[in-house]
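Once you've had a glance at the structure underneath, I'll fire off some questions.
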Amino acid sequence: MLQVVILICSTSLSPADCQTDTALDVIVGPQASNAMMCGLQGQAYVARTAIVGRSPNEYIKIRCSPPKAVKAAQRQSL
């Protein structure tokens, strides 16, 4: 099982440097059964929301992480 994580990052960050601790915003999406479904569900989640086009200085990165890792990262950011 994987968790969809959508990172909104500044264009001043390279995609490799766009991580949960460097992102402008982190959105936890739905869970998916495998990596392919995680990518597809992440794209569908972004398409259904107003995330796209917030600012020309931002881009979106979709990550697929184990749910336990996502919960641990959320606790650290509090």
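The shown structure was predicted, so the numbers you read here are calculated from the model rather than taken from an experiment. Sequential numbering from 1 along the given sequence is applied to the chain's residues.
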Indicate whether the side chain of Arg63 and that of Gln19 have a donor and an acceptor atom separated by less than 3.5 Å.
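Judged by distance alone, the side chains do pair up.
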
Can you find a heavy atom in the side chain of Asn34 that is under 4.5 Å from one in the side chain of Met37?
yes

Closest approach of Cys64 to Leu2 (non-hydrogen atoms, all atoms of both residues)
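Shortest heavy-atom separation between Cys64 and Leu2 comes out as CB-CD1, 4.1 Å.
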
Could you tell me whether the side chain of Gln41 and the main chain of Pro30 form a donor-acceptor pair under 3.5 Å?
no

Closest non-hydrogen atom pair, Thr22 against Asp17:
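Residues Thr22 and Asp17, closest heavy atoms: OG1-O, 2.7 Å.
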
So does Leu13 get a backbone contact from the side chain of Tyr59, meaning a donor-acceptor N/O pair under 3.5 Å?
yes

Are Leu24 and Glu58 close enough that some pair of their side-chain heavy atoms sits under 4.5 Å apart?
yes

Roughly how far, to the nearest 0.5 Å, is CD of Gln31 from CE of Met1?
5.5 Å

So, the side chain of Lys61 versus the backbone of Pro15: is there a donor-acceptor pair under 3.5 Å, distance only?
yes

Are Val5 and Ile27 side-chain neighbours, meaning at least one heavy-atom pair lies under 4.5 Å?
no

Any side-chain heavy-atom pair of Ile60 and Leu7 under 4.5 Å:
no

Give, for atom OG1 of Thr11 and atom CG of Asn57, the distance between the pair rounded to the nearest 0.5 Å.
5.0 Å

